[in-house]
**Student:** 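This is the structure I want to talk about, given as structure tokens.
Computed from heavy atoms alone, side chains included, the values below leave out hydrogens, waters and symmetry copies. Each ligand, and each atom within it, is numbered from 1 in the order the structure gives.
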Amino acid sequence: MSDCIFCKIVNGDIPCDKIYENENVIAFKDIQPQAPVHVLVIPKEHIESLNDIDENLDIIKDIHLAINKIVKEYNIDRDGYRVVNNCGKQGGQTVNHLHYHVLGGRNLNWPPG
Ligand code: AMP
Ligand code: ZN
């Protein structure tokens with residue numbers, strides 16, 4: 001999608017601090033990190049939000065396998081981490097391309113604000 005910032009990252013039109021990539025997924029550091037580890041994991045395909053997962057459900061598996069690798073690479077798998085998907089306006093989604101936040105490296109409060 002031409003005016004989507006995350007599609008531009010996928011296409012290499014805007015830079016990112018990429019930390020992982022495979023055929024279907026890329027992961028990069030969040031530009032405004034909320035924790036010592038704050039990575040975004042996104043499908044390469046433009047999917048607007050979790051609401052748009054249907055027969056393309058396989059991408060959720062790919063994203064979770066990528067998260068599994070990333071948390072091990074950052075050594076946060078043992079201490080723990082949080083995976084967040086913000087969906088829609090009240091969910092706090094600001095970029096309309098499906099993405100999962102992976103947060104770790106500090107104690108994370110619950111419930112979130
Ligand atoms: P959300 O509010 O769940 O839609 O999350 C969007 C996230 O994308 C925010 O945490 C932003 O800091 C992050 N973000 C926006 N633009 C960029 C970018 N160019 N590179 C990395 N992260 C970005
Ligand atoms: Zn997109």
**Student:** Where does the angle between the aromatic ring planes of H38 and H101 fall among parallel (under 30°), tilted (30 to 60°) and perpendicular (over 60°)?
**Tutor:** tilted
**Student:** Please classify the L40 to ligand 1 contact at 4.0 Å (heavy-atom distances, strictly less than): side chain, backbone, both or neither.
**Tutor:**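 Side chain only; the backbone of L40 stays clear of ligand 1.
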**Student:** Test of understanding: clusters of I, L, V, M, F, W, Y form through side-chain heavy atoms closer than 4.5 Å, transitively. Do Y20 and L98 belong to the same one?
**Tutor:** yes
**Student:** Run the numbers for me: atoms of ligand 1, each under 4.0 Å from some heavy atom of T94, listed by number.
**Tutor:**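 Here the atoms of ligand 1 in question are 1 (P), 2 (O), 4 (O), 5 (O), 6 (C).
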**Student:** I need the ND1(H46)-the Zn ion (ligand 2)-ND1(H97) angle, rounded to 10 degrees.
**Tutor:**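 Value returned, to the nearest 10°, is 110°.
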**Student:** Can you tell me if G92 has a non-hydrogen atom under 4.0 Å from ligand 1?
**Tutor:** yes
**Student:** Give a yes/no on ligand 1: does Q34 have at least one heavy atom closer than 4.0 angstrom to it?
**Tutor:** no
**Student:** Angle at the Zn ion (ligand 2): provide the value between SG of C4 and SG of C7, rounding to 10 degrees.
**Tutor:**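 Rounded to 10°, it measures 120°.
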**Student:** So, regarding F6 and ligand 1 (criterion: nitrogen or oxygen to nitrogen or oxygen, under 3.5 Å), is there a contact or not?
**Tutor:**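 No, since none of the N or O atoms of F6 sits under 3.5 Å from an N or O of ligand 1.
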**Student:** Would H38 count as a polar contact of ligand 1, with the cut-off being nitrogen or oxygen pairs under 3.5 Å?
**Tutor:**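 Between H38 and ligand 1 (N or O atoms, distance only) the closest approach is not under 3.5 Å.
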**Student:** In the protein, what heavy atom is nearest to atom 16 (N) of ligand 1, and what distance, to one decimal place, separates them?
**Tutor:**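 Of the protein heavy atoms, I5 CD1, 3.9 Å lies nearest.
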**Student:** Is the CG atom of N107 crowded by more than 12 outside heavy atoms at less than 6.0 Å?
**Tutor:**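 12 or below, so no.
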**Student:** Among protein heavy atoms, which lies nearest atom 5 (O) of ligand 1, and at what distance?
**Tutor:**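 The answer is H99 NE2, 3.0 Å.
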**Student:** For atom 12 (O) of ligand 1, find the nearest protein heavy atom and state the residue, atom name and distance (0.1 Å precision).
**Tutor:**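 So the nearest neighbour among protein heavy atoms is D30 OD1, 2.5 Å.
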**Student:** By number and element, which atoms of ligand 1 are closer than 4.0 Å to a non-hydrogen atom of Q93?
**Tutor:**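 Checking each atom against Q93, I get 4 (O).
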**Student:** Find all atoms of ligand 1 within a distance of less than 4.0 Å from any non-hydrogen atom belonging to K29, and give their numbers and elements.
**Tutor:**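 In order of number, 21 (C).
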**Student:** Is any side-chain heavy atom of H99 less than 4.5 Å from a side-chain heavy atom of Q93?
**Tutor:** yes
**Student:** Using atom types as modelled and distance alone, determine if a side-chain donor or acceptor of D54 lies under 3.5 Å from a backbone N or O of N56.
**Tutor:** no
**Student:** Is there a polar contact, in the sense of an N or O pair closer than 3.5 Å, between H101 and ligand 1?
**Tutor:** yes
**Student:** Please examine the side chains of L103 and V37, heavy atoms only from C-beta on, and report whether any two atoms are closer than 4.5 Å.
**Tutor:** no
**Student:** Would you call I5 and H97 a side-chain contact if the rule is heavy atoms closer than 4.5 Å?
**Tutor:**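 The answer is no; the side chains never approach within 4.5 Å.
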**Student:** Does I31, backbone or side chain, put an N or O under 3.5 Å from an N or O of ligand 1?
**Tutor:**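 Between I31 and ligand 1 (N or O atoms, distance only) the closest approach is under 3.5 Å.
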**Student:** Ignoring hydrogens, what is the shortest heavy-atom contact between C16 and I9? Give both atom names and the distance.
**Tutor:** SG-CG2, 3.6 Å
**Student:** Evaluate the criterion salt bridge (charged side-chain N to carboxylate O under 4.0 Å, His left out) for residue pair E23 and K44; output intermediate values, then yes/no.
**Tutor:** CA-CA 8 Å; E23 195 189 340; K44 288 185 175 175; over 6 Å; no
**Student:** Is any side-chain heavy atom of V39 closer than 4.5 Å to a side-chain heavy atom of Y100?
**Tutor:** no
